[in-house]
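Below is one structure, written out as structure tokens; comments come after it.
Note that this is a predicted model, so its numbers are computed, not measured. When a ligand or atom number is given, it counts from 1 through the structure's own listing order.
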Amino acid sequence: MGLDSGPETTKMLQEKLRTMKTVLWNGPLGVFEMPNFAKGTFAIADTLAEITQHGCITIVGGGDSVAAMEQSGKADKVSHISTGGGAALELIEGRVLPGVAALQKV
Ligand SMILES: Nc1ncnc2c1ncn2[C@@H]1O[C@H](COP(=O)(O)OP(=O)(O)O)[C@@H](O)[C@H]1O
Ligand SMILES: O=C(OP(=O)(O)O)[C@H](O)COP(=O)(O)O
């Protein structure tokens with residue numbers, strides 16, 4: 001069972017992230033709620049904060065991803081953060097969210 005990213009995968013992801021202009025993060029890399037499996041997730045949370053400082057637009061969505069950002073102490077260092085996980089992905093797909101549809105009727 002894969003419960004976290006390993007050091008080489010984490011490094012590869014960090015290197016790729018440093019070349020990005022926009023990043024959407026939806027989902028921790030493992031079961032970060034267990035300290036032994038939190039390294040990959042927190043490393044990526046730190047990297048998101050770092051690349052935001054260098055001009056990357058970073059968007060974090062999903063209750064568990066937000067919890068990971070908060071626990072890493074970097075939640076205020078990303079561009080946008082939302083508890084909406086699946087809903088955020090649906091919005092980006094172009095679907096109309098029920099709450100937004102209801103507002104349009106007002
Ligand atoms: N390999 C795994 N096996 C079991 N559970 C996992 C594994 N990887 C991650 N998880 C669990 O899934 C959660 C992430 O859920 P997900 O829906 O992807 O994120 P979000 O809520 O941010 O959208 C993690 O916080 C962790 O508890
Ligand atoms: O990550 C989340 O949802 P997801 O399972 O769709 O990714 C959020 O915790 C959903 O919370 P909500 O249903 O209270 O908006």
Side-chain angles (χ1 to χ4, degrees):
M1 197 165 22
L3 297 172
D4 194 6
S5 58
E8 285 179 30
T9 300
T10 303
K11 198 174 160 212
M12 183 192 75
L13 291 172
Q14 289 175 309
E15 282 168 7
K16 286 274 178 209
L17 284 169
R18 292 188 182 110
T19 69
M20 299 291 157
K21 292 182 180 161
T22 307
V23 173
L24 171 65
W25 189 30
N26 181 254
L29 280 83
V31 189
F32 76 95
E33 295 86 350
M34 299 170 81
N36 286 348
F37 304 118
K39 272 191 190 154
T41 295
F42 288 149
I44 296 305
D46 283 353
T47 306
L48 290 191
E50 173 200 314
I51 62 177
T52 309
Q53 273 194 328
H54 294 120
C56 181
I57 296 169
T58 49
I59 302 162
V60 180
D64 296 306
S65 308
V66 172
M69 286 304 310
E70 281 170 356
Q71 282 178 38
S72 74
K74 301 281 169 72
D76 62 343
K77 305 281 186 225
V78 291
S79 311
H80 303 280
I81 192 160
S82 166
T83 53
L89 295 180
E90 285 183 25
L91 182 71
I92 284 170
E93 278 173 34
R95 293 204 227 170
V96 178
L97 302 181
V100 177
L103 283 175
Q104 283 164 351
K105 285 186 196 156
V106 175

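Here the protein heavy atom with the shortest distance to atom 26 (C) of ligand 1 is E33 OE1, 3.5 Å. Nearest to atom 16 (P) of ligand 1 among the protein's heavy atoms is D64 OD2, 4.1 Å. When only non-hydrogen protein atoms are considered, atom 7 (C) of ligand 1 lies nearest to V31 CG2, 3.6 Å. Distance from atom 3 (N) of ligand 1 to its nearest protein heavy atom, with residue and atom name: L3 CD2, 3.7 Å. Distance from atom 18 (O) of ligand 1 to its nearest protein heavy atom, with residue and atom name: G27 CA, 3.7 Å.
Residue contacts with ligand 1: G2 is placed with a nitrogen or oxygen under 3.5 Å of a nitrogen or oxygen of the ligand (distance criterion only).
For the atom pair CG of L48 and OG of S65, the computed distance is 9.5 Å after rounding to the nearest 0.5 Å. The structure places CD of E70 at 6.0 Å from CD1 of I81, a figure rounded to the nearest 0.5 Å.
Salt-bridge annotation for K77 and E50: absent, with no side-chain N of the basic residue lying under 4.0 Å from a carboxylate O of the acidic one. Contact check on K74 versus D46 returns a salt bridge, with a Lys/Arg side-chain nitrogen under 4.0 Å from an Asp/Glu carboxylate oxygen.
Ligand-side atoms of ligand 1 in range of F32: 25 (O), range being under 4.0 angstrom from any heavy atom. The ligand atoms of ligand 1 that sit less than 4.0 angstrom from a heavy atom of G30 are 8 (N), 9 (C), 24 (C), 26 (C). Atoms of ligand 1 lying under 4.0 Å from at least one heavy atom of P28, given by number and element, are 14 (C), 19 (O), 22 (O), 24 (C), 25 (O). Atom numbering of ligand 1 starts at 1 in the shown order; those under 4.0 Å from a heavy atom of G62 are 20 (P), 21 (O), 22 (O), 23 (O). Atoms of ligand 1 found under 4.0 Å from any heavy atom of S65 (numbered from 1 in listed order, with element): 20 (P), 22 (O).
At a threshold of 4.5 Å between non-hydrogen side-chain atoms, the residues F32 and F42 count as touching.
Of the possible donor and acceptor atoms, one in the side chain of T41 sits under 3.5 Å from a partner among the backbone N and O of L29. With hydrogens and angles disregarded, no donor-acceptor distance shorter than 3.5 Å links the side chain of T83 to the backbone of G62. Put simply, the side chain of D4 gets close to the backbone of K39: a donor and an acceptor are under 3.5 Å apart.
Contacts between M1 and ligand 1 below 4.0 angstrom, taking non-hydrogen atoms only, are absent altogether.
The protein residues lying under 4.0 angstrom from ligand 2, judged by non-hydrogen atoms, are G62, G63, T83, G85, G86.
A donor atom on one side chain and an acceptor atom on the other are not found under 3.5 Å apart for S79 and T52.
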Item to complete: May I have the step-by-step check of side chain to side chain contact (heavy atoms under 4.5 Å, CB included) for T58 and W25, ending in yes or no?
Response: CA-CA 8 Å; T58 49; W25 189 30; over 6 Å; no
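Partners of T47 according to the side-chain hydrogen bond (donor to acceptor under 3.5 Å, both in side chains) rule, which considers only residues two or more places apart in sequence or in another chain, are Q14.
Enclosure of atom CD in E93 by more than 12 non-hydrogen atoms of other residues, nucleotides or ligands within 6.0 angstrom is indicated.
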